[in-house]
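One-based numbering, in listed order, for ligands and for the atoms of each. For clarity, every value in this text was computed on a predicted model and none was experimentally measured.
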Amino acid sequence: MPHRRYNPLTDSWVLVSPHRATRPWQGQVEKLPPENRPPYDPSCYLCPGNVRANGAQNPDYQDVFVFDNDYAALLPQAEKEYECPEGSPFFRAKPERGMARVLCFSPRHDLTIPEMSAAAIRRVVDIWISEYQTLGEYPFIHYVQIFENKGAIMGCSNPHPHGQIWAQESIPDEPLKKQKAQQKYWEENGRTLLSDYLKEELVLGERILFELEDFVALVPFWAIWPFEAMIVPRRAMARITELSDKEKDGLAEAYRRLTILYDNLFETSFPYSAGIHQAPTDGAEHPEWHWHFVFYPPLLRSATVKKFMVGYEMLANSQRDITPELAVEWLRKADRAHYKQT
Ligand code: H2U
């Protein structure tokens, strides 16, 4: 039956309409990008040794490579204040300083996270930690967003495995919503919202994808995207800099395992936007924060039919067709070894 589910992390609702999953589809069918890319592409801006779009040359890097985004959406110095008519509540704007970085996950143009070893992904985790630390130490940087856009369908500009890091003065809307909800929960209960949620999900078991020693991957009760998932550390930590060595390895393994399930589901390189929500770098301790890694994949019923967030979703509320529980069932059936290797 149609019902609404509440997201306590963002204080918002999603409409769930399971009966709609069988409706006919004569709409847009996505073209699949070619699966067999070369390990090195001389025309790729991100491959080792190549020249980027702005003329800078990449080093001959061996594992990971991080650099300032040549087309950064945020700049450390606001050149000139954006001017608005004064004294009106309708035209408010303020300068926003920040920095943007690009992180190449591997020198290999043909790989993606699910095809990399946990040891190689661990190098990515290490860079996330050092970037969060270094960027967060700038006095004007109050929030660091680590994310990955994977697949052309998600607007990813280049198939070379990479992610981005944007750091800025303000706390953006999504993490701010989560901060407010976690703060309230912490004040009322003295425990993090996600520790208590995880405890209950582990008892119920129906939305758990897999459990590792230090991490759990699950489809949250309030998931919006058809195959949305979340990796949650069992230990409440505000930020990834608090991870132990063993937990860093665990995070790399959880990232690998989840993305293999994704790729195997439709035997395609599964697109998504994924990112880490964690405490701001505003100098406060933030014991309320329980960092977590969210995955928002757009595919709905096959490798070529995606969920469109339009119409009702744009005008009224988030809505999903297949239930989170059905998504878990499908994902759990996916093999543990990557389909290209079997
Ligand atoms: P996306 O694929 O998620 O768009 O990330 C790639 C980023 O890489 C993008 O933000 C940057 C783009 O600005 N980029 C460079 O900085 N230099 C280049 O030569 C190509 C792309």
Discussion item. Using heavy atoms and a 4.0 Å limit, tell me yes or no: is Met154 in contact with ligand 1?
Written reply: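 Checking ligand 1 against Met154, which is what was asked, there is no heavy-atom contact under 4.0 Å.
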Worksheet entry | Modelled atom types, side-chain donor and acceptor of Gln164 and Trp166, under 3.5 Å |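 Indeed, the side chains of Gln164 and Trp166 share at least one donor-acceptor pair under 3.5 Å.
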Fill in: Glu115 with Arg108: basic N within carboxylate O range, under 4.0 Å
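Not counted as a salt bridge, because no side-chain N and carboxylate O are separated by less than 4.0 Å.
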Worksheet item: When you measure from the centre of the six-membered ring of Phe67, is the NZ or CZ of Arg52 under 6.0 Å away and within 45° of the axis?
Response: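 Arg52 over Phe67 ring: yes.
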Item to complete: Would you kindly check if the NZ (Lys) or CZ (Arg) of Arg207 is within the cone defined by 45 degrees around the ring axis of Phe221 and under 6.0 Å from the six-membered ring centre?
Response: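 Because its charged atom misses either the 6.0 Å distance or the 45° angle limit, Arg207 does not stack over Phe221.
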Starting from [atom], which protein heavy atom do you reach first, and at what distance in Å?
{"atom": "atom 12 (C) of ligand 1", "answer": "Asn69 OD1, 3.5 Å"}
{"atom": "atom 15 (C) of ligand 1", "answer": "Asp70 OD2, 3.4 Å"}
{"atom": "atom 8 (O) of ligand 1", "answer": "Val102 CG2, 3.6 Å"}

When you compare ligand 1 with [X], is there at least one nitrogen or oxygen pair between them that comes in under 3.5 angstrom?
{"X": "Phe67", "value": "no"}
{"X": "Ser157", "value": "yes"}
{"X": "Gln164", "value": "yes"}

Item to complete: Would you indicate whether Glu213, at its atom CD, is surrounded by more than 12 heavy atoms from other residues, nucleotides or ligands within a distance under 6.0 Å?
Response: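 Check fails, neighbour count at 12 or below.
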